[in-house]
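Reading through the C-alpha cells given below for one structure.
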Amino acid sequence: MYRVYSDGLLLYHSKLENLKIFDPSVELELNKTGSFEFTVHTDHPYYNFIKKLKSIITVFQDDFLLFRGRVLDDEIGWHNEKHVTCEGELSFLLDSVQRPVSFTGTVAEFLAHIINSHNSQVEPEKRFTLGSVTVTGSLTADLTDYTNSFETLQERLLNGFGGY
C-alpha cells in the first residue's frame with residue numbers, strides 16, 4: 001500500500017476515495033536526486049496546499065520511506081489539473097554553497113565539513129545527518145571556487161572515492 005504526503009498532509013491513500021492522485025511515477029537512482037511526478041485535480045482537498053519549491057513530498061510503500069523531496073514544478077493543465085514534478089532530497093544540497101577552503105583530513109571529516117556547512121545555510125527540513133562512513137582514506141582538498149554542496153560532493157568524494 002502506498003501513501004503520499006505533502007508537508008505532513010495525506011495527499012493519497014488507496015482506501016480513501018477523496019484523496020486520489022493520478023499517474024504517479026517514482027524514479028530512483030543512486031547518487032542522483034531522483035524524481036516523483038503525479039497529477040492532482042481541483043476537487044482534491046489539498047490541491048491549493050502544494051507549493052512550488054516549498055512543499056516537502058514524501059512517498060511511503062507500507063512503512064518504508066520510498067521518496068522524499070520538494071516540488072520543483074506544478075504545471076496547470078487544460079482542466080485546471082495540476083501536474084506536479086518533484087526532485088529528491090539530494091537536491092537540497094543545491095541550495096547551499098561551499099566556500100573556498102584548504103582541507104586536509106579523512107574522508108569522513110571532509111564529508112562532515114560539507115554537511116555541517118550545508119546545514120548551517122538551509123532550513124531545518126533540508127538538513128542532513130551524517131550516517132555511517134565506511135570509505136577510508138585521507139584527502140587534501142583545496143576548494144578555490146564557490147560551488148554548491150552537491151557538486152562539491154560529486155567532484156571531491158564520489159568521483160574519487162566512490163560510495164553512496
Side-chain angles (χ1 to χ4, degrees), residues 2-13 21 24-38 40 46-74 82 84-164:
Y2 292 92
R3 294 181 329 276
V4 178
Y5 294 86
S6 174
D7 299 323
L9 299 171
L10 185 62
L11 278 182
Y12 171 77
H13 191 290
I21 60 174
S25 172
V26 173
E27 291 196 25
L28 304 173
E29 298 178 75
L30 290 176
N31 297 331
K32 304 287 185 196
T33 62
S35 65
F36 175 54
E37 297 183 14
F38 63 96
V40 62
Y46 302 124
Y47 175 89
N48 290 318
F49 288 71
I50 302 169
K51 302 295 181 196
K52 183 176 178 177
L53 295 177
K54 289 300 276 175
S55 292
I56 302 295
I57 304 296
T58 52
V59 179
F60 288 89
Q61 182 178 9
D62 297 319
D63 290 328
F64 178 74
L65 177 62
L66 187 63
F67 177 89
R68 181 175 182 269
R70 65 176 167 203
V71 175
L72 178 64
D73 197 15
D74 57 351
K82 192 181 293 188
V84 180
T85 303
C86 305
E87 59 184 352
E89 64 187 342
L90 282 181
S91 66
F92 299 161
L93 293 168
L94 297 169
D95 297 345
S96 63
V97 173
Q98 296 299 314
R99 291 168 176 79
V101 68
S102 291
F103 178 88
T104 301
T106 67
V107 170
E109 291 169 340
F110 185 68
L111 181 56
H113 170 78
I114 299 296
I115 297 301
N116 290 336
S117 176
H118 165 79
N119 288 347
S120 72
Q121 299 173 51
V122 298
E123 302 88 353
E125 62 272 6
K126 294 181 180 178
R127 293 180 183 158
F128 291 94
T129 302
L130 185 63
S132 175
V133 180
T134 59
V135 176
T136 58
S138 60
L139 75 146
T140 299
D142 288 319
L143 303 179
T144 58
D145 296 323
Y146 289 84
T147 57
N148 66 59
S149 298
F150 187 79
E151 186 178 318
T152 302
L153 288 173
Q154 287 280 33
E155 291 177 1
R156 301 296 178 146
L157 290 180
L158 294 176
N159 292 346
F161 293 92
Y164 304 99

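Using a distance-only test at 3.5 Å, with no hydrogens or angles considered, no donor-acceptor pair links the side chain of N148 to the main chain of D95. Using modelled atom types, one side-chain atom of E109 and one backbone atom of T106 make a donor-acceptor pair closer than 3.5 Å. Side chain of R3 to backbone of D62: a donor-acceptor contact under 3.5 angstrom is found. A donor-acceptor contact shorter than 3.5 Å links the side chain of S120 to the backbone of S117. D142 contributes no side-chain N or O that, together with a main-chain N or O of S102, makes up a donor-acceptor pair within less than 3.5 Å. The backbone N or O of K126 sits nowhere less than 3.5 Å from a side-chain atom of R70 that would complete a donor-acceptor pair.
For the residue pair I50 and V71, the shortest heavy atom distance occurs at CG2-CG2, 3.8 Å. Taking every heavy atom of both residues into account, S35 and F67 meet most closely at C-CE1, 3.7 Å. Counting all heavy atoms, side chain and backbone alike, A141 lies closest to F110 at CB-CE1, 4.0 Å. V135 and G162 make their closest contact through CG2-O, 4.5 Å (heavy atoms, listed as atom of the first residue, atom of the second, distance). Across Y12 and L10, no two heavy atoms sit closer than the pair O-CD1, 3.4 Å.
One finds the NZ atom of K82 at 5.0 Å from the CG atom of D74 (value rounded to the nearest 0.5 Å). Between the NZ atom of K54 and the OG atom of S6 there is a distance of 12.5 Å, given to the nearest 0.5 Å. Rounding to the nearest 0.5 Å places CZ of F150 at 11.5 Å from OG of S96. Taken to the nearest 0.5 Å, the CG atom of L90 stands 5.5 Å off from the CZ atom of F128. F161 contributes atom CZ, which lies 11.5 Å from atom CG of L111 (distance to the nearest 0.5 angstrom). Rounding to the nearest 0.5 Å gives a distance of 9.5 Å between CZ of F103 and OG of S138.
Using a 4.5 Å heavy-atom cutoff, the side chains of Y146 and Q98 are not in contact. Between V122 and R127, some side-chain heavy-atom pair lies under the 4.5 Å cut-off. Under the 4.5 Å side-chain criterion, counting only non-hydrogen atoms from C-beta, F49 is not in contact with D7. Within the 4.5 Å cutoff, no side-chain heavy atoms of P24 are placed close to those of Y2. Taking 4.5 Å as the limit, some side-chain heavy atom of L143 sits within range of a side-chain heavy atom of R156. Using a 4.5 Å heavy-atom cutoff, the side chains of L93 and I114 are not in contact. Side-chain contact check for F92 versus S149: every heavy-atom pair is 4.5 Å or farther apart.
Applying the 6.0 Å contact sphere to CD of E123 captures more than 12 heavy atoms from other residues, nucleotides or ligands.
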